[in-house]
Amino acid sequence: MDYDLSKMRNIGISAHIDSGKTTTSERILFYCNKIHAIHEVRGKDGVGAVMDNMELERERGITIQSAATQVQWKDYTINLIDTPGHVDFTVEVERSLRVLDGAIMILCAVAGVQSQSITVDRQLKRYHVPRIAFVNKCDRQGANPVRVCNQIREKLGLNAHMMELPIGLEDKLEGVVDLVTMKAIYFDGESGENLRYAEIPAHLADDAKKYREELLDAVSMFDDELMEAIMESGFDNLPEEKIHNAIRKGTLAEQFVGVFCGSAHVNKGIQPLLDAVARYLPAPTDVKNEALDLDNNEAPVELSCNENDPTVALAFKLDDGQYGQLTYTRVYQGKIKKGEELTNSRSKKRFKVGRLVRMNSAQMEDINEAGPGDIVALFGVDCASGDTFIGNGINYSMASMYVPNPVISLSIKPKDKQAAAQMSKAINRFTKEDPTFQSYMDPESGETIIKGMGELHLAVYVERMKREYKCEVETGAPQVAYRESITQRAEFNYTHKKQTGGSGQYGRVAGFIEPIADKDYEFVDMIKGGAIPNEYIPSCDKGFKRAVEKGTLIGFPIVGVKVTINDGQYHPVDSSDIAFQTAAIGAFREAYEKAKPAILEPIMKVSIEGPTEFQGNMFGLINQRRGVIVDSTDENNMSVVNAEVPLSEMFGFSTILRSSTQGKAEFTMEFLKYGKVPGNVSEELQAKYKAEKAAEKK
């Protein structure tokens with residue numbers, strides 16, 4: 001490897017939809033001399049356009065160029081990974097964060113902390129990714145970066161402080177004040193490429209002094225030397241290096257977030273942001289990465305950044321492009337060399353590294369090897385997203401990323417025989433690429449069912465089947481992933497007896513079932529005195545597990561049940577594994593009826609954003625859908641309404657929202673929890689289920 005690992009940064013840009021991620025990425029590529037002209041993202045002014053943009057992006061498989069780009073900034077190497085903003089594609093964000101060391105969180109200077117910013121923040125915290133914040137769009141009417149900084153503190157609970165102040169706002173945005181060097185920075189030249197340093201404008205001197213003291217006060221907590229220097233000589237004449245060190249320490253410990261500001265659209269503020277990435281965000285050597293030792297009960301093992309150790313790399317994203325399958329891979333330890341053999345730790349298959357490429361903006365660069373910290377792509381490797389590649393002598397697996405469960409399903413059927421073959425090809429590829437997209441064959445109806453995170457998610461995949469595989473499919477009505485559960489304790493005492501010629505079947509199981517909050521299913525064995533022999537206890541567990549697969553109310557899985565067995569009986573000849581499994585199934589069904597079963601439905605966290613004049617309409621739409629309004633805030637003639645709404649009521653919501661707000665409102669929705677359905681809805685669902693069963697019998 002020909003570069004210094006401490007000068008490498010693996011960063012991602014994450015933000016709410018339409019906060020300017022793509023525009024900022026474009027500027028970063030330009031100032032790092034990766035592209036020679038700046039291109040704009042067009043048509044992002046309306047709700048529909050944002051969605052269209054997202055769909056087109058998905059149709060191209062999230063463009064290869066933006067998935068991972070390497071740029072050089074001064075003497076630093078920066079791997080930049082793009083993450084989508086739409087919540088239906090949350091797994092794209094998860095898989096990117098899994099391999100990042102640091103992040104830039106972009107916020108809009110007008111809208112501030114939005115619903116998706118909160119989701120992104122939660123994901124960054126889950127993966128312990130240190131971040132800096134960039135308040136973009138300071139040239140827009142109503143921009144106020146200081147207010148956004150306060151929102152980051154209040155809404156996200158982060159220790160955020162201004163690192164820069166804008167010189168002028170809205171259409172008067174001229175540059176920024178650097179609160180560390182206490183200099184004004186102006187961005188001259190046609191595309192803001194020439195930086196001009198000057199004295200701070202007189203009208204900003206007092207503000208700059210105030211915010212600088214706040215900043216130094218906050219970061220001195222992370223560095224004793226800086227604290228001593230402040231105590232001795234106050235806030236002036238402090239060595240810049242000491243301030244940078246303190247900020248870096250706080251950022252790496254995830255206890256400080258520096259807030260930068262500017263506007264990518266008018267080319268102001270990007271170069272200081274790149275300096276901050278180099279100065280404050282972690283190098284691969286600053287991050288502790290762990291793998292699980294599969295030969296030692298999955299004990300965690302800390303990985304080294306040594307290129308001579310056995311290879312450990314994670315395949316975090318698959319992309320089927322025109323050249324075949326591209327596997328984006330992050331190398332954690334050791335190195336990947338062209339022509340070398342590696343093992344997939346999940347499938348245990350060995351494979352030879354064929355073509356190895358580094359993604360560089362618009363082109364691929366063939367390379368011969370990649371070392372620790374590198375993000376590269378392999379061609380033609382048969383693997384799934386989240387697989388670990390290992391070298392000789394070890395058997396490690398990287399902890400897999402968090403994959404949320406799908407909440408919506410759709411039946412699809414091909415229009416003709418030719419489409420059937422193409423459809424199965426498409427489904428195979430999509431399920432491999434995206435762990436939140438799942439499919440199965442319904443044994444009763446024989447239909448193919450696809451499952452995903454939301455209507456848009458499934459609509460995009462159906463559209464991709466049409467465009468990429470020339471496969472016309474018909475879709476059924478969307479189905480909600482309901483669950484059944486119990487509301488009270490109930491006892492069972494069930495005997496399974498069957499006498500046929502020769503030995504029969506016999507098993508008695510007694511105990512009780514009760515609701516449990518934090519698990520889907522738990523089995524407790526309280527048998528004493530060998531009433532049921534030890535070898536049949538797993539059989540009982542197996543039987544109960546089979547019983548909860550499908551409830552009797554509407555045929556959906558049963559969750560939140562704790563089963564305890566405390567008595568039973570066996571027969572020396574007639575008892576068997578199958579007898580106790582059958583007894584457990586019978587026992588569960590007997591108790592289930594007495595335990596007041598209820599139907600649960602997915603409740604979504606819905607956030608609607610639109611002009612205040614339509615707030616009444618937004619409230620009305622939520623109330624019509626059995627929704628509960630959690631809170632609403634008004635700022636700058638914009639209203640944000642947060643609510644909890646059942647998924648079954650949200651189908652087609654985007655069209656209705658658009659028509660009742662003149663296309664000016666947008667919404668995001670993500671799964672929150674399962675909640676009990678009201679009595680009248682429960683009766684409707686049960687009646688429908690009974691009618692379907694009766695129709696099948698005919």
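Heads up: numbering here begins at 1 and tracks the sequence.
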Met182, CE atom: more than 12 neighbouring heavy atoms under 6.0 Å: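 Result for CE/Met182: enclosed.
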
Can you tell me if Asp206 has over 12 outside heavy atoms packed within less than 6.0 Å of its CG? no

So, [X] side chain and [Y] main chain: donor-acceptor pair closer than 3.5 Å or not?
X      : Y      : answer
Asn150 : Arg147 : no
Arg330 : Val99  : yes
Gln151 : Val113 : yes
Arg153 : Ala160 : yes
Asn10  : Pro284 : no
Glu164 : Cys261 : yes
Ser233 : Ile230 : no

Among pairs that include at least one residue of residues 185-194, which meet salt bridge (Lys or Arg N to Asp or Glu O under 4.0 Å), considering only residues two or more places apart or in two chains?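 As it turns out, the salt bridge (Lys or Arg N to Asp or Glu O under 4.0 Å) pairs with a partner in residues 185-194, which skip direct neighbours, are Asp188-Arg196.
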
Among Ile629, Asp631, Ile608, which residue satisfies the side chain to side chain contact (heavy atoms under 4.5 Å, CB included) criterion with Asn642? Asp631

Residues two or more places apart in sequence or in another chain: which of them pass salt bridge (charged side-chain N to carboxylate O under 4.0 Å, His left out) with Arg131?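 Arg131 satisfies salt bridge (charged side-chain N to carboxylate O under 4.0 Å, His left out) with Asp121 only.
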
Compile the donor-acceptor pairs under 3.5 Å between side chains in residues 197-205 and protein atoms, sequence neighbours left out, one pair per line.
none

Return the set of residues passing side chain to side chain donor-acceptor pair (under 3.5 Å) with Arg9 (not counting sequence neighbours), or none when no residue passes. none

Does the side chain of [Y] come within less than 4.5 Å of [X]'s, by heavy atoms?
X      : Y      : answer
His161 : Val257 : no
Ile622 : Val606 : no
Met163 : Val180 : yes
Gln72  : Cys32  : no

Quick test of your reading of the model: are Lys172 and Glu174 salt-bridged, counting only N-O distances below 4.0 Å?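 Salt bridge flag = no for Glu174 with Lys172.
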
For residues 244-256, which side-chain donor-acceptor pairs fall under 3.5 Å, sequence neighbours excluded?
{"from": "His244", "atom 1": "ND1", "to": "Tyr280", "atom 2": "OH", "distance (Å)": "2.9"}
{"from": "Asn245", "atom 1": "ND2", "to": "Glu241", "atom 2": "O", "distance (Å)": "3.4"}
{"from": "Arg248", "atom 1": "NH1", "to": "Arg279", "atom 2": "O", "distance (Å)": "3.2"}
{"from": "Arg248", "atom 1": "NH1", "to": "Leu281", "atom 2": "O", "distance (Å)": "3.0"}
{"from": "Arg248", "atom 1": "NH2", "to": "Asp286", "atom 2": "OD2", "distance (Å)": "2.4"}
{"from": "Lys249", "atom 1": "NZ", "to": "Asp223", "atom 2": "OD2", "distance (Å)": "3.2"}
{"from": "Thr251", "atom 1": "OG1", "to": "Ile247", "atom 2": "O", "distance (Å)": "2.7"}
{"from": "Glu254", "atom 1": "OE2", "to": "His128", "atom 2": "ND1", "distance (Å)": "3.3"}

Under the side-chain contact (heavy atoms from CB on, under 4.5 Å) test, residues paired with Thr285 that sit two or more places apart: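 For Thr285 the side-chain contact (heavy atoms from CB on, under 4.5 Å) partners, ignoring immediate neighbours, are Leu5, Ala283, Cys305.
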
